[in-house]
Number of protein chains: 2
Amino acid sequence: MDMVSIVSVAKAAGVSNKTVSRVINGEPYVTEETRERVEKAIRDLGYIPNMAARLIRSSRSNTFGIITDYVSTTPYSVDIVRGIQDWANANGKTILIANTGGSSEREVEIWKMFQSHRIDGVLYVTMYRRIVDPVTGDVSIPTVMINCRPQTRELLPSIEPDDYQGARDLTRYLLERGHRRIGYIRLNPILLGAELRLDAFRRTTSEFGLTENDLSISLGMDGPVGAENNYVFAAATEMLKQDDRPTAIMSGNDEMAIQIYIAAMALGLRIPEDVSIVGFDDFRTVTMALKPELTTAALPYYDLGREGAKWLNDLIAGEKIYPVSRVVSCKLVERSSVAFNPH
Amino acid sequence: MDMVSIVSVAKAAGVSNKTVSRVINGEPYVTEETRERVEKAIRDLGYIPNMAARLIRSSRSNTFGIITDYVSTTPYSVDIVRGIQDWANANGKTILIANTGGSSEREVEIWKMFQSHRIDGVLYVTMYRRIVDPVTGDVSIPTVMINCRPQTRELLPSIEPDDYQGARDLTRYLLERGHRRIGYIRLNPILLGAELRLDAFRRTTSEFGLTENDLSISLGMDGPVGAENNYVFAAATEMLKQDDRPTAIMSGNDEMAIQIYIAAMALGLRIPEDVSIVGFDDFRTVTMALKPELTTAALPYYDLGREGAKWLNDLIAGEKIYPVSRVVSCKLVERSSVAFNPH
DNA sequence: CACACCCATGACAACGTCGACATATTTTTC
DNA sequence: GAAAAATATGTCGACGTTGTCATGGGTGTG
């Protein structure tokens, strides 16, 4: 049951344990011949290095901690974690994940737990884009914030999706296809992305010469996240019942687009011939399940994760991080829910 | 930068390091007075025990490893992870997660990594219910399989959802509400759940005296998971265009139900007045977004995770595990997508 | 051939913690 | 009031690894 250690390998290979250590870590000054003998012994005995012992000696755990509110227990931004893990795999880092579930006592505990494992750095990740101040329990460990940003600016490096650019591209996409009456069903205003997306929508339509009269904007949801009030179906229905109904509707996100589809169809409207619809997020369970498939702007979750991890690594290596807040662009994913509007 | 150790605490409190160790671990034989003095020193210095050192000494890592194909990087069965984490939190265990992404070389690496961290046990979790043989790289660590089962039966304890019972309950639910012509859109036959659900549907309808003529069964998807061919919309459309169309449709899962909704509405049918629809899984992003909200059978992911963790713990503690394969039932979640059928 | 130098290896201590054992102090028992 | 038992604290070494320094042999230099 007990594990073979470096000592047993050394004995088996007839060398000192330090030499075994050298082989394991690929250090120079080992003859090819001894190296082979040691490697054989390692294979024969099935030796696996003990990370704990290594850490205790060298005080470098090669471990990153991910602390999130709900990410890894919720279907939404999981791709952030995938991005981090892929980077970590490729670079020999171990990942420790913990979820606060929104509790700040829990958050303090987690920082303690992370410290007790002597992690090298923390990736602070939120489920949806927002402003938070990590409850570090007053520790200073290199930290990168992903999908969120600290209240007190300039404090911690952060990396976020570019909601504004995504919504702008989407709006342009509709405008370029001739739509001049456009509806917008707003995300829960609690969400940081909500304002940015709406803002981009307003400005871009106005740049194209549309006025408030050409726009039809309603609130889709509000209330606390996870227990929100849902007005989407009603809002979409009302919007589409107007005589001068919009020829295209932009949805705050993909999920809400489901209800817009249903509302449209219940009124006998065809998508995209009678109404074009675009979403936001590229939540694929939805975008691919809807028929016609939904054109949307993809939140760059995977990249956020990968870049965040890379960035954290630089930070740990002691590199100065200048641009304290970075933004990653959203890519427009063209599918088939938008038609040209012949006027 | 360097961490305070038990020695500095001992010095500060004017006791031996062993006494500090006793206080930390809540061992008896420490005066209330010394305990307080030590605790104060711990607080003042911000001392946090070093897990690595503890592990190296006591060779009990108190860590469970989760090895999954895609779970933590995919929106589907994340609740399994949540269940595990909640149990782990409550019981002072640390969790290490790694995803194979389907690669078996990677799987071998992960087992090695787990061993190098001297984890106490492994939870082997799959995204959808299936039969797999873990590629352990021929190690024997206590393992519990969640949402899957080994090919070579009786080898490892496993815990799975009861797809059969879930589908049976759902079918009964429809029958009890007077539906006598029922459609079924089949899951990808690759999935283990597909056969069980269909089987339950067939047997239960037959127990109620329906014949194959009353049933209308089509394939919704096939092909490799993640890149499947999708026939759902077409199948549903065709099914609902028949003169003696079914009054209720059972969907292989919730996601597919989106397309059934859209197909029904495109034909001008109202849900649930003209067609009732039920799903499977309770994938809430879908079930709650559809209007009317979808009645479905909830896959007990959270419980699977929690029970699996608890079970693994017993296993590690040396308890004999008798029932090698366990099953957890699916709960019917009644919402509003089913109406009574007046005949 | 004496010197410096590079290469290959080993001896040993140290990392932070806890278990085994030893010692000192107090309380109980008869 | 002495022996026995229970409580309180300390000393020391070990866990598995790697960093530091030492050693020994080989090679080249003048």
Side-chain angles (χ1 to χ4, degrees), chain A residues 1-39 41-42 45-63 92 94 112-113 115-120, chain B residues 1-39 41-42 45-63 92 94 112-113 115-120:
Chain A
M1 194 70 260
D2 45 16
M3 304 258 47
V4 282
S5 80
I6 216 170
V7 186
S8 23
V9 175
K11 214 167 286 173
V15 296
S16 77
N17 43 7
K18 180 65 212 195
T19 298
V20 177
S21 168
R22 273 191 265 263
V23 172
I24 296 167
N25 297 292
E27 287 172 33
Y29 304 141
V30 182
T31 336
E32 195 49 38
E33 191 247 319
T34 12
R35 163 163 284 121
E36 271 163 25
R37 216 168 59 243
V38 170
E39 270 161 1
I42 290 179
L45 297 170
Y47 165 75
I48 293 183
N50 184 328
M51 289 306 181
R54 183 174 290 178
L55 160 60
I56 214 188
R57 189 67 255 269
S58 55
S59 62
R60 185 34 76 84
S61 62
N62 271 311
T63 300
T94 302
K112 283 226 181 81
M113 189 267 275
Q115 282 188 281
S116 76
H117 287 276
R118 302 298 189 263
I119 53 157
D120 298 330
Chain B
M1 194 70 259
D2 44 17
M3 303 258 49
V4 281
S5 80
I6 218 171
V7 186
S8 23
V9 175
K11 214 166 286 173
V15 295
S16 77
N17 42 9
K18 180 65 215 195
T19 299
V20 177
S21 170
R22 273 190 265 262
V23 172
I24 296 167
N25 297 292
E27 287 173 32
Y29 305 141
V30 182
T31 337
E32 194 49 40
E33 192 246 319
T34 14
R35 163 162 284 123
E36 271 163 25
R37 217 166 60 243
V38 170
E39 270 162 2
I42 290 178
L45 296 170
Y47 165 75
I48 293 183
N50 184 328
M51 288 305 181
R54 183 173 289 178
L55 160 60
I56 214 186
R57 190 68 256 273
S58 54
S59 63
R60 185 32 76 84
S61 63
N62 270 311
T63 299
T94 302
K112 283 227 181 82
M113 189 266 276
Q115 282 187 282
S116 75
H117 286 276
R118 303 298 190 264
I119 53 157
D120 298 330

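First the proteins, then the strands, lettered A, B, ... as listed; each starts at 1.
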Peer 1: Using whole Å, what does the distance between atom C1' of nucleotide dT26(C) and atom OH of Tyr29(B) come to?
Peer 2: 13 Å

Peer 1: Can you tell me if Ser58(B) uses its side chain to pair, donor with acceptor, with the backbone of Arg54(B) under 3.5 Å?
Peer 2: yes

Peer 1: Taking Asp120(A) for its side chain and Ser61(A) for its backbone only, find out whether a donor-acceptor pair lies under 3.5 Å.
Peer 2: yes

Peer 1: Taking donor-acceptor contacts at under 3.5 Å, does the side chain of Arg54(A) reach the base of dT17(D)?
Peer 2: no

Peer 1: Look at all strands and tell whether Thr19(A) reaches a base, only sugar-phosphate, or nothing, counting heavy atoms closer than 4.0 Å.
Peer 2: sugar-phosphate

Peer 1: dG16(C) P sits how many Å from Ile24(B) CD1, rounded?
Peer 2: 13 Å

Peer 1: Determine, stepwise, if the pair Arg60(B) / Leu55(B) fulfils side chain to side chain contact (heavy atoms under 4.5 Å, CB included).
Peer 2: CA-CA 6 Å; Arg60(B) 185 32 76 84; Leu55(B) 160 60; 5.7 Å; no

Peer 1: Return whichever of Arg57(B) or Tyr47(A) has its heavy-atom-nearest nucleotide of DNA chain D closer to the 5' end.
Peer 2: Arg57(B)

Peer 1: Answer with base, sugar-phosphate or nothing: what part of the nucleic acid does Ser59(B) contact at a heavy-atom distance below 4.0 Å?
Peer 2: nothing

Peer 1: When you measure from the side chain of Asn25(B) to the backbone of Glu27(B), do you find a donor-acceptor pair of N or O atoms at a distance under 3.5 Å?
Peer 2: no

Peer 1: Of the nucleotides dT9(C), dG19(D), dC18(C), which has the atom closest to the Lys18(A) side chain?
Peer 2: dG19(D)

Peer 1: Over all strands shown, is Pro49(A) touching base, sugar-phosphate only, or nothing at heavy-atom distances under 4.0 angstrom?
Peer 2: sugar-phosphate

Peer 1: Report the distance from atom NZ of Lys11(A) to atom C1' of dG10(C), rounded to the nearest whole Å.
Peer 2: 16 Å

Peer 1: NA contact type, Thr31(B), heavy-atom cut-off 4.0 Å: base, sugar-phosphate, or nothing?
Peer 2: sugar-phosphate

Peer 1: Is it true that a side-chain atom of Thr31(A) and a backbone atom of Glu33(A) form a donor plus acceptor pair closer than 3.5 Å?
Peer 2: no

Peer 1: If only side-chain N and O atoms of Thr34(A) are considered, is one of them under 4.0 Å from the OP1 or OP2 phosphate oxygen of dT9(C)?
Peer 2: yes

Peer 1: Atom CD1 of Ile6(A) to atom C1' of dA11(C): distance rounded to whole Å?
Peer 2: 15 Å

Peer 1: Glu27(A) has an atom CD; how far is it from atom P of dT18(D), in whole Å?
Peer 2: 8 Å

Peer 1: Could you tell me how far apart Met51(A) (CE) and dG16(C) (P) are, to the nearest whole angstrom?
Peer 2: 20 Å

Peer 1: Taking for each residue the nucleotide of DNA chain C with the nearest heavy atom, is it Asn17(A) or Glu33(A) whose nucleotide lies nearer the 5' end?
Peer 2: Glu33(A)

Peer 1: Nearest of dT17(C), dG16(D), dG10(D) to any side-chain atom of Val15(B)?
Peer 2: dG10(D)

Peer 1: Tell me: CD1 of Ile56(A) to P of dA14(D), nearest whole Å?
Peer 2: 16 Å

Peer 1: Checking only heavy atoms, does the side chain of Arg22(A) share a donor-acceptor pair with the base of dG10(C) at less than 3.5 Å?
Peer 2: yes

Peer 1: What's the closest nucleotide to the side chain of Asn50(B) if the choices are dT17(D), dT17(C), dC7(C)?
Peer 2: dT17(C)

Peer 1: Given atom CZ of Arg60(B) and atom P of dC15(D), what is their separation to the nearest angstrom?
Peer 2: 19 Å

